[in-house]
Structure formats: structure tokens, C-alpha cells
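Please read the structure below before turning to the comments.
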Amino acid sequence: MRNKIAAILNLVEDSKDLRPLTQNRPVASLPFACRYRLIDFPFSALYNAEVNSAALFISESGHSLYDHIRSGANWGLDSPVGGGVFTHSQIELKTLRAERDEEFNITYFDNHRKYVQKSKADYVLLCGSNMLSNISLNAILQYHQEKNADITAAFKKVSRKALKKDTETFAYYFDGNEDDYLSKMEKMSEVPYEDKTVSLGMNYVIMGKEVFNRYLKKAEEGNSRIDGNTFLRYSLENGDKAYGYEYTGYLKSIEDIPSYFEANMEILEEKNFNALFYRNDPIITRPRHGAPTYYGPNAVVNNALIASDCEIYGKVENSLLYRQTKIREDTEVSCSIIMHGTKIGKNCYLKYVILDKNIKVGDNVHLEGTREKPLVFKKGDTIESGKVIREGSKI
Amino acid sequence: MRNKIAAILNLVEDSKDLRPLTQNRPVASLPFACRYRLIDFPFSALYNAEVNSAALFISESGHSLYDHIRSGANWGLDSPVGGGVFTHSQIELKTLRAERDEEFNITYFDNHRKYVQKSKADYVLLCGSNMLSNISLNAILQYHQEKNADITAAFKKVSRKALKKDTETFAYYFDGNEDDYLSKMEKMSEVPYEDKTVSLGMNYVIMGKEVFNRYLKKAEEGNSRIDGNTFLRYSLENGDKAYGYEYTGYLKSIEDIPSYFEANMEILEEKNFNALFYRNDPIITRPRHGAPTYYGPNAVVNNALIASDCEIYGKVENSLLYRQTKIREDTEVSCSIIMHGTKIGKNCYLKYVILDKNIKVGDNVHLEGTREKPLVFKKGDTIESGKVIREGSKI
Amino acid sequence: MKTEILGMVLAGGQGSRLGKLTKQIAKPAVPFGGKYRIIDFALSNCANSGITNVGVVTQYQPLILNEHVGDGAPWGLNRHNGGATILQPYSSVDGEKWFKGTAHAIYQNIDYIDQYNPDYVLVLSGDHIYKMDYEKMLNFHKEKAASLTVGVLPVSWDEAPRFGIMNTDLTNRIIEFDEKPAKPKSNLASMGIYIFNWPRLKQYLQDNQSKTRNMLDFGGDVIPAYLDNSEQVFAYAFEDYWKDVGTIESLWEANMEFINPDHDLNIRDTNWRIYSRTPDCPPQFISKTGKVTNSMITDGCYVSGEVEHSILSHNVRVGKGSVVKDSFVMADVVIGENVHIEKAIIGEGARIYDGGQVIGKDKDIAVLGYNEEIGGLTHEE
Amino acid sequence: MKTEILGMVLAGGQGSRLGKLTKQIAKPAVPFGGKYRIIDFALSNCANSGITNVGVVTQYQPLILNEHVGDGAPWGLNRHNGGATILQPYSSVDGEKWFKGTAHAIYQNIDYIDQYNPDYVLVLSGDHIYKMDYEKMLNFHKEKAASLTVGVLPVSWDEAPRFGIMNTDLTNRIIEFDEKPAKPKSNLASMGIYIFNWPRLKQYLQDNQSKTRNMLDFGGDVIPAYLDNSEQVFAYAFEDYWKDVGTIESLWEANMEFINPDHDLNIRDTNWRIYSRTPDCPPQFISKTGKVTNSMITDGCYVSGEVEHSILSHNVRVGKGSVVKDSFVMADVVIGENVHIEKAIIGEGARIYDGGQVIGKDKDIAVLGYNEEIGGLTHEE
């Protein structure tokens, strides 16, 4: 019941394929499922395991994240008992290897070392935010302890084809069965692209404090970024006892617009929705005030996830509406993601569209992408009445 | 009693002359008076006037500030009633005029405009953090209203010689007496350096929402930074009704190491201490846990300000000790500033010294600066036993 | 510490006319409108009016109410040295301090009030649905140099005999107070909202405790005493939407009115938000078979059936083939398949199993109590 | 919601042996050590032991105690769905729910406890100064498969007749409970710290209410009943510093011991911090004429006189020529010039004017009550 884990979140994640959604926000603060941001998922995992301290390593676009996280109180991360959200200026992080700024590098590694030392935790967790899941850290820790492992990394068995060809993820291999030593890891992009089952590394990696300090030293010597998979590689190189913890819940690697769009659509399937949200361990986010959502007299809403504080007078199908969206009369929205504060006028037709926050759509607008290539509009855009845009046509 | 003021704090303040203290922190998070940071003073002014929202414009070194501010809750700035601490990525701020990044500039001005609009306040306050004071915003506002002014700027009458020669501050001039129109402002560095009384602008400037929006437009057209003195200049150019509100409490312009050191020494005078801390309006900071300070059997402490959670076995005179400092037996500390977590060994002698946070000083160390040029050691330094350093000698 | 005006919300009442809805919950904590509890309106009005120090007096079944109010953070009432404070009965060397009436509750908490040394005390009940700017009322109180200002509401002349009626002169000064008059001379009903000059009220409360007249209630004791002594007592008229939800019918009616997006209360107005403490739930899910029209739905709901002109609070599940019509469903209710709910209030945590029916009619709204269960076997079984 | 162990801190006691120090303040809220109140030790122990849900039962003069505990934030006890909850007497349809004893206070709050559905309930009093890891005691409880584990302290055999004494067998099982035995068979005194298996305790409390034996107190009723029924009751020995500050002398003594930087309590140990809710005050100022030795001084103090082997709490002012020796001075005390204070406890907000004296002696410590004033005219006059 005591805090036993110090958590380090490496949130300097590759976001170029998620543009324009990540133009002004890191991957970690990407909106998801009507009222969450991706960071809510690892943070809730910390909360549910009663971890009360976390160090976040954030790059320069992290300000939307600060606004969301604030003091970390929502996730129990502001406890005076050794807790707190630690932040570090990480502009240089991306260029860590390239430029070798001596002083910065010392700070970077020292920050990690001091945080773990001050937290008084026995174990260290490394993770990121782009592997969407609802994972139990206590279960990983218990597995780690029972196996008497040096390092334990979470994975899920998925079809190779569920990931994009040039994914940045890793495949894990085991000596015998999955209950056995983790013996090898390989860039997933080098695994043949076929309907074969692979063990996808989730980049949730746990180890004892001593092991962490050992690998940290190695990272410092090699001037490497501190990251779950990097440390797992060290353990394999060292011949340490590495184990895999098999996660069986919903998992999605959010790497580009298609995978982000898919994740949203998949969550409309009850099975996935329940796996993420109706487990015993709740997903927690920053609370917001607003009235319940109003459905007009002629509203037709089917297979849709809706946040509160919306107003719906039209038709919404296979779609997600974020807070304070408004869908006017005779408008049809299907297979689309409509983010916070976006208002859509009358008699519009939207299919396979992602509208970022606070977009204004006039009347009689027709927007149509494809499942493989949804149309994406960026925060604050205005789409004038009468506009017709189809995938392939010029935006 | 309702929130009537939207506060905008421009915290991109010149800090080069405060190095090494500002190497990893902005001026706003410079420690002061044993348990505060400079930002606490404007923040407390907001708290005491029941202002519940503020927009902070911060540059890239702002992370120590985030850790201090967190959600702003300590200063009542996290109220859901239109409140919040707003932060913006401001790396480009310093180069606003130079590079003319079109998109960034639009965001910069839009952020100001939207914040004021969303806050629903009738008045806008512009201020910074480097003019140390404890000022009543309600009093300024009341004066502003009674004068039916377009803009009101706070000032204090000081001797020109109390400021450094090349200060970046401004002198205000009035048509008749100080109760009259503010008719002219001039760079203080251009005012002759003699024992003459000048009206020092404090860069606390208040105006109505409409006036603010008008000046904002002007700033946008001229690509200028949003700042109290800039807006005051606009009002003079426009022939608008500008007034000065005379502040009579303690004031110090913190611009370089000598002025920072002086401010600390001045606060040891009861008159100044009381002016800052024993007014009706308290100065609020982030609460910390720790035991009361222990004074050893042979401790000799005179004319000193001490935070809690220290241990003092030696002699401390005309000095300030921050939290968790330790002064061992037979050590003498005078005219010095010892910041948080710094430990000083036995039989040392320190005079005119500033030790930043978490410095370790061995035994038998002799450190001696001068009042005009105190010795400054930077965060985390170690000073080995037996070391002797005098101002002028090589560090 | 000095505060101009302190709010005292009297939230100790049982509200017995709400029957089983107030058996384990004080009336101010009864749910309303999908994501609120009744007291949210009084607390949000305080916050929006700039009243940052508020005592909440509780006594009857306070657990849920106290947890809801907590540190006052959802309403921004969590300032240093103040904010929201729960005040409950306690014991002292003088014996047990129970609250025997509205004025007596203030009397027992004089120590708390004196901490703030306020000029004025605003006394409210936590029982009503309305949006009111108390700052305007305070300004009126100051302009009139009143000793007491009573918030009044013009009611229809038919209804007037059911209320405490204030008869005023041309300057809005109250010259007479009729408790439930058979032949009302005015239609200005007391809303139970008072602004008192604190030093004077304190004197009344303290002096009179030792005399024959016990100052137990504001309506029955304090106001008559003020009028007898020619204190300056004024009426401040409130003209907007105000609803006492003291009965099952009025609670149901207020909820049904609340659905209307053009409702006078204007719940979506961001200039005067109604804040609440809400649980963290996933977004609402309308399944392929769900149909929702003219309704308000809250986070965490799962709708596979039909919902028409109703309010679903947090985490309500409506199974296939079920119909929910003209009803107010509180949080955490499970509605199975082929259930029929109409003109009803369903209490928190209730379960209506497959084929179950809860059907009321006008003036006889059906009520299912908290955690009650009806209907056949669960679908899973 | 499911919690393994829930803390219940009994903070309703008056502590009448503390005389005027507990007239307006419940004993757990009595100040200690410069910046603490007594209950901080129990709450910090809970927080440090990883017990995140804690009910604080208050009844006697709770205003200051309730404000101090508040939302539990200083102790990190402000989690979603839990944290610290104040539990006070209340009324219900069954009548008024007053707390008539330690066990009865638990009985009246069964609804609160059942919300968490805990396996174990840790019952504490908020009256003692100590640092204890309740997790270790819980592990002991589980290892022993106990139904009840009682925290016990070895006391000197002289003192044993003043305590409730637990006689144990070789396995630490309690076989007999002697309340203040003339001839003690053991020196293991009950600390008033219990871990119960909740379902069993609940059964005892509910069953026995309707029978002749009323389960009012743990010591007097519940433990004897457990022993009579051969429940598995074990003693868990605590060997570190523990102090009941129930009298003026013991409160003074505990404070004097606390000054020692090598004190067993090890207050500066960052592995087991004692947290508190503290006011925002400026740093302490020792003026040119101030002299402070072998003392603890807290934020906001201003010292122009001499302080020796004493504790000054927040915002104490000591004027020129004054001497404070071997004393515990609570917050917001003003000491004028040429005052002599020795072997004394000075209550919060007290004022000792120029030339005043408060001098006690061993076994007869002088006490100045809260806000009391003594001595000549103030210096300003």
C-alpha cells in the first residue's frame, strides 16, 4: 500500500506523422475519446497503483500539457509524501546525441538520478504516452517480483498487420513461451509484414532501483536517451534477467493520423470501450464544468460517443463528439471526430473527417474523406458555408 | 467584490546582470527573503485584491516557475470562476521584433486578446516581477476610477542615486503635482545621476478593457511587446488621460547582483521588513513542510532573517538563511545570503557572500566579498574544506 | 481577517415532503438536472456573486452533503483562511450544541462568523433552484441603509396564502409580515434569503436567548422582533426563475422544465455557471439501437433503448427495447431490457430489471427510491 | 470502491485534564512543538503508512480541528473518492446520532465505513505524540490471522497500575485485559490503537446494540467481549517514543524533550515527515538585541529579547529585555518588554504586557490560556 514505484515518463515522442493535430501539442496531450488526452492513460495507471510521484520529460511544445496537468492533483500526484510532477526544460532533448551539450547532459541524467533517489521508491517505471492502454502497474510489479526479474517489460500479442509498416515499435521474443525469459528484441519494422502474431512491446518497463541506476550510468556513458526500450536493450546486452508481462486489454500504438483515427473508431466498439473504461481502474482526467448534453427533438444519434455540454439537433453516427460541440438541424455527421468547441451549421454532410478544436463550419458544407485518409482540419479553422471538400480535392 | 481585473504578467525580464543566479531560472523565480520568490509579490497583490485569473508570459527558462506556481491555487488563481494561470510558449518572445514570425505573432496577440475577453473583467493590469513591492491593486483601481483615467501607472518617489546608472526603468513626469496628469516619461538612464528625487515607474499599469484593446491593436501593428510602460507611452502619444498612482511602501528594482544583494540587506531593516510583510495584505508563497528552526546551545544570531527547518550552531549576523540551511559550530556568517539546502561546515568565515541552493561548504573555509561586489556561488557548488576566497582573488 | 459579507447556507433541513428521496439524504443534497445537487445553485450563486467565504450548516443526514461540498473547490470556495466550511452540531463545555431552528443555527455558530468579522451576513437556504446575483441585493441593502433586507418573490395571488408574505410601503420597506395569510395584502413572498448587518443580528441573537422570547427561527421570531423594534427592514424583489423543489411533483416539474434548451435558467450561460462536484466518468455512449430525443444525457450513460423528454444523470444504463419518457433518472441507475418508465423519478443506484415498469401520471409521479430494485431477473441471470 | 484498510481517528475527546487549554479546543487540536497540532502525528503516521482513507471523528469543540484537517491536503489525504473525511454528530429519521463512547462513535459511522468496504479498520486516537508504521502492525495482524490486534507499549512497572494492561501468552496473544490493575501481571499498556477485521467488528457493534451489553467503549466493552468469546486478539508491541500529552505537565515535558535535536522522534527525518496545515508567515526575525539558544523558533517570530530552551510557535513577538526560558509558547503570542516567562505554557493569542511575569516550577507549570492578557500597559500606550 506504500508508494513503491517512481515513474519516469518520456514524453518527447515522435509527432510529425500526426500533424496538423500535433502542431501545437505533444503526442501526450492529443485529445482522445471525447474528454481525455493520451497522458490521462499512463497517469491513471499511476493513480490506480497509488504511485504518488512522477517525473515528466517534456519537449518545447509541452505547454498544452502543463495546462492540462497543472499540479497533478487530479491523479494524486501532488501528495506531499514524496510526490510531485517534475518538469525539465527539454528543448535540447531531441538533439541529445547530436550536439553533446556537456552541461545539459549532466543535468538531464542528474535529474533522473535525483528524482529516483528523492522518491525513496524501490522500483522505477519507464513509459511513454503513445501506447494507448489501461494497464495495471501493480500486476506488472507483482509479476516482476514473482519472477525475481531484473527488468520486466509489458507486451501484447497482436497481428503484425495491425501496425503500420514503418512503425517505430519493437517486437519482443522469448526463449520458450511468454512465461519465460525475454531473449531478444527487434525493430518491428524489420518483422515481415504479414498476418503473423507478434509480441508488441508497450514501452512500459519496470526494474529495481539498483538496476535502474546501473542502466542510467550506461546511458550516460553512451549519451543515450532514457527510455524503456533502450533500458531493455541494455539488459539483453548484459545478459540480465528480462521478463515480459503479457497485457491482454485494449492497446493501440498511436503513430500517425490513420492509427489515431482507427483508435477513435475502434473505441466505438463496445468491447474496446469497456476494456478501456469499464475496468475496475478508472481513467481520470481534468474535471470540467458544463451542462449535460442536450439532444434536440429530431436528433438521431447512433453508435456514437458524446461528451457532456454538447447540443445535437442533427444526425450523428459512428462518431465522437467532444465537449461543447454543436450539431445543427439537418446536418449529418458520420465516421468523424469532432473536437472541443467545434460548431457545425445546418444541412451539412461530414464523413471521415477530423475537426480539431474550435472550428466553425457554416451551413450546407460537404466534407468527405476516406477511412484510410480522413480529412483533417486544424484548430481554429473556419469552413465557410457552401464549401465542398472531398478527399483528393484541393483543401 | 467581484473579479474586475484581468492581470497580464510579462515575465520575460532581462536577467543577464543577475547571473549566475538566473542561469537556470527567470527573474520571477529568484529567491527572496528566506522563503519567497519574486513572483510571490505580484501574485500576492492579485490574491489580496481577489483577482482570480492571470496570464503569464514566460520565456524558455520558465520551468522553475512552473514548479513553484503549479496550478496557481495558493494565490487563489485556480478558481473555476473564470480563473486560471495561462501560459504560452514564448521562446520567440525575445526575438519578437527581430524575426517577425507571422504565425507566432498572431498567436501572441491573440492570446492576450482572448484571455482578456474570456476573463470578463472590466479592467486590465499589466505588470512584471522585478519591481519588488507590496502594492494594493484595489487602491490603484479606485484611484483610476475616481480620476476617470484612461490609464493609471504606479510610481514611487526615489532618489535617482538609488538606481543604477544604466537602469532600464522609466521616470514619470507630471503636469503640475503628482495628483495631476502624467505628461511625460523618460528612460531613467537619461536622467542625470545625482541626489535628485525622481518618480520611478513601477511598471504596474491599469486601464479599462476598451483602452487595452485599442493599445493592443497598436502594439500588434507596430509588432511591439505588450508591457506596461509601452502601453503608457501609447497613451501619451495619443493624448489619452494618463495618471500616476503614488506608492509609498518599500520598492526595489532588482536589475543586477548589487541591487539584489541590497534588497536582501535592506529587508533586514525593520522598517522595510514591516512595510513588505506586516501590512494587512499578506505575501503568500507555496507552503513547505519542515520542522521549526533549531538554535544550538552556543548559537549567536543577530539582525538576521531565518526560514524554518534550519539548524544553527554558529554565529549569524546581518544575514538571511533560507530553508534547510545548516551552520555548524564556530562558523561565522555575516552580511550574506544563504539559500535553500546549503550546508556550511565548522569554523568557517563568510562575509558578503551569496550562496545559491544546495551548496556544500566544508570546514575552515574563508569566503569574503565586498558590499559592492558580493561573492556569488552557483546552485549545487561544492566548496572544499580549507578553501580561502577573497573578492579579487581567483575563484 | 475582515470580510465584507459572509454567506451562511442553511442546509440542515430534512425536506420530509420529498418522502423516500430524503430518507438518507438531506434535501440540499438531492440530485437535480442530471449533474447537480440542489445546493449547487446556492453555492454557485455565492461564487458568481463574489462571496468567497461561506458557512454551510448541516445537521440532518449530512454524509453525502458534506462530501459533496468538501473543501468547496468546485465552486472556487477554497481560499486561504476561508472558503467553504461545514458547520455541524458539536459539544462544548456548555453542553451539546444542536441547531433548533434557522436563527438558532446562526446563534450556535457565532464563533465561526466572528472569525471573519463581517459587516454583513447573507443567510440562504440550500433548497432552491435559481440564479441570483447577491451582490446586487447587497448594493440595494447598502443604498437603503437597511438593517435587514429580505429577498422576496412576486407570486400569483392564488398561491400567496401558502407563503410568508411581506407587506411593503412605497420605498420597499417592510411594514408587516404575514405568515400564510388567508387574505394576503401583497403577493411578495419571502424567499428565505436575508442580508443582515451582522453586529445587530448578533446582538438580537445573544440578548434574546436569555429572555422569554427564544430566537429560534428567522421567519417566526427574528423578523417579527425586528419589525416590532422598528428596525429598517427592506424587501428586495427578485423577478427571475425561482423554484422550490420541496415536493415530488415540484422536483419532477423543475427537472422537466430544465430540459428545455430555452429555459429561463439558461444553464449554458458561461457568465453565470452552475458548478458541481462531479465524478470522473467516460463519455456517454449511444449504441446502434439507442434513440434519444429532446433529452439531457450526462457522462457515463449507456443508451441502447429509447429516451424521450427525460434527464439521465451520470452512469445510467438503458437496455434494448426499454422506453424512458418524461422522467428524471438519477445517477448509477441500471435499466434492463424492455423496461417502461414514464412520468417518474428514479433514485440513485436503483435497478429496474427486464420488463419492469415504473409509470406515474400527472400529479402522481412515480418514485423509485435510492438503491431500490424492481422487475424480473437481471438480464445476465 | 474497495479499500484494504481504513483509518478512523477518534478526535472527539475533550481532554479535560488539560484545563483551560481544552476549553475551546478539542485535545487533538492543541498545539505542539511550534508548528504542529497533536493530531498531526496520527494523520502523518497514516499518510506515511500508506493509509489514504481516514475518517476523523469529531464532536467536542470541533471548529479549529475541522479547519485544521479540512480536505486533508497537507497530509496528502485528498484523493478522489476518499482521503480525509470529518465525521460529526448528525440527525436522521431515527433521531439524533450522538457519539457516546469510542466504540459507539464507530457504530454511528458504519455507513461511512461501509462505503469503502474495508477488510480492516485501524482505530486510533488523535491524542498522542509518536511515529509509528501502521503497515507493520497490519502485517503482524495478517500473519497472526488475528481478529483484533491491540497496539501495546511496555511501561515501567511503577506506572503500569495507571494503564489498561494486556496480559499475553508466548505468542503475543492477549489472554486477559486488566483495566488499571493494582497488581499488574504485565507491563504492556494499551495505546488505544486497534486493527479490527471490519466485518467481525461490525457484527459485534450491530448485534450488541439490541442486547443488554451496550458496546460503547473499546476498552470497557468490546475488548472484554472479544476475549470472552475467544476471538483471536493479539498484542503488537511498539518500542519507540510515545507520549500521552494528557496533562499540563506531560504536554510541557513533551515539548521540552522535543527541542533536543537528538530527540528520539527525529522530527527532521525526511523519510517520515510530520505534516501540518500551517499559516503563511514571513521568516523569523532575530533583531540586534535578540538572543536565542537551545530553542526552536517558527516562521513569523520576532525576537528582541532572550529565548533559552524554549519553543516559539508561529508569529510570536518577544520584546527587548524579556526572557523566555524552559517554556512552550503557542502561536500569535505577544510578549512585551522586560517580561519574564519560565517553566510555562502560553496559549495562542495571549498577551503578556511590559514587565509581566508567568513563572512556574517543576510539577507546577504555569499556564496562560488562549487570548488571556496579563501584565502592565502595552508598550505602545
Side-chain angles (χ1 to χ4, degrees), chain B residues 31-36 40 44 47 73-75 134 264 267-270 272-274 276-279 281-313 316-326 341, chain D residues 32-36 40 44 47 73-76 255 258-263 265-270 273-304 307-317 329 331:
Chain B
F32 184 74
C34 303
R35 52 190 307 275
Y36 302 94
D40 292 337
S44 298
Y47 177 80
N74 285 319
W75 301 271
N134 184 353
N264 276 281
I267 222 63
L268 287 172
E269 291 167 36
E270 276 189 57
N272 296 329
F273 182 74
N274 290 340
L276 263 193
F277 294 110
Y278 281 110
R279 283 188 48 206
D281 295 343
I283 304 296
I284 291 156
T285 188
R286 193 172 154 210
R288 299 284 193 164
H289 295 275
T293 284
Y294 176 69
Y295 294 70
N298 301 309
V300 176
V301 180
N302 288 117
N303 201 39
L305 267 180
I306 319 273
S308 62
D309 218 4
C310 298
E311 292 175 80
I312 309 171
Y313 293 89
V316 177
E317 261 183 356
N318 304 321
S319 294
L320 296 94
L321 304 190
Y322 288 65
R323 290 185 316 108
Q324 294 178 349
T325 53
K326 186 164 184 176
Chain D
F32 181 83
K35 57 184 298 181
Y36 309 96
D40 291 340
S44 299
W75 303 269
N255 273 284
F258 191 68
I259 295 173
N260 181 356
D262 302 319
H263 187 266
L265 211 46
N266 200 2
I267 191 71
R268 288 178 185 78
D269 176 11
T270 53
R273 279 181 189 271
I274 302 301
Y275 302 98
S276 187
R277 185 180 298 274
T278 54
D280 226 315
C281 342
Q284 50 201 274
F285 195 118
I286 314 298
S287 85
K288 292 191 173 91
T289 59
K291 186 178 174 200
V292 182
T293 50
N294 200 15
S295 293
M296 279 176 124
I297 315 285
T298 313
D299 284 343
C301 287
Y302 174 91
V303 181
S304 259
V307 178
E308 192 190 332
H309 195 243
S310 295
I311 295 180
L312 305 189
S313 311
H314 293 285
N315 297 325
V316 171
R317 297 181 81 81
V329 183

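In the text below, chain A, chain B and the rest are named by the order of the sequence lines, each starting its count at 1.
- Here the side chain of N302(B) pairs a donor or acceptor atom with the backbone of K288(D) at under 3.5 angstrom.
- Looking only at heavy-atom pairs under 4.5 Å with chain B, the residue among S276(D), G33(D), P261(D), G34(D) that has the most is P261(D).
- Judged by distance alone, the side chain of D299(D) and the main-chain N or O of S308(B) form a donor-acceptor pair under 3.5 Å.
- Interatomic distance, CG of D309(B) versus OG1 of T298(D), reported as 10.5 Å (0.5 Å rounding).
- Under the 4.5 Å side-chain criterion, counting only non-hydrogen atoms from C-beta, I286(D) is in contact with Y295(B).
- Proximity to chain B is limited to the backbone of T289(D), based on heavy atoms less than 4.5 angstrom apart.
- For a residue to count as touching a neighbouring chain, one of its non-hydrogen atoms must lie under 4.5 Å from one of that chain's; by this rule Y313(B) touches chain D with the side chain only.
- Residues F277(B) and C281(D) have side chains not in contact (no heavy-atom distance under 4.5 Å, counting atoms from C-beta outward).
- In this structure, chain B has no heavy atom under 4.5 Å from any part of L312(D).
- Interface remark: of the candidates I267(D), T278(D), I259(D), I259(D) forms the most heavy-atom pairs closer than 4.5 Å to chain B.
- Between the side chain of K35(D) and the backbone N or O of H289(B), no donor-acceptor pair lies under 3.5 Å.
- If you measure heavy-atom distances from E311(B) to chain D, the contacts under 4.5 Å come from the side chain alone.
- Heavy atoms of I283(B) lying under 4.5 Å from chain D belong exclusively to its backbone.
- Under the 4.5 Å side-chain criterion, counting only non-hydrogen atoms from C-beta, Y322(B) is not in contact with P283(D).
- Ranked by non-hydrogen atom pairs under 4.5 Å with chain D, the options P297(B), C34(B), A33(B), A299(B) are led by P297(B).
- Note: S295(D) leads S295(D), G300(D), C301(D) in heavy-atom pairs under 4.5 Å with chain B.
- Taking M296(D), Q284(D), K291(D) one by one and counting their heavy-atom pairs under 4.5 Å with chain B, the maximum is reached by Q284(D).
- The CG atom of N303(B) sits 5.0 Å away from atom CZ of F285(D), with the distance rounded to the nearest 0.5 Å.
- Of the two parts of S304(D), neither the backbone nor the side chain holds a non-hydrogen atom closer than 4.5 Å to a non-hydrogen atom of chain B.
- Heavy atoms only, all atoms of each residue included: P282(D) and Y36(B) are closest at CA-OH, 3.1 Å.
- Looking at R268(D), its side chain never comes within 3.5 Å of a backbone N or O of Q324(B) through a donor-acceptor pair.
- Checked by atom type and distance alone, the side chain of D280(D) never pairs as donor or acceptor with a backbone atom of P287(B) at under 3.5 Å.
- Proximity to chain D involves both the backbone and the side chain of V301(B), based on heavy atoms less than 4.5 angstrom apart.
- Y294(B) has its side chain out of reach of I297(D): every pair of non-hydrogen atoms, C-beta onward, lies at least 4.5 Å apart.
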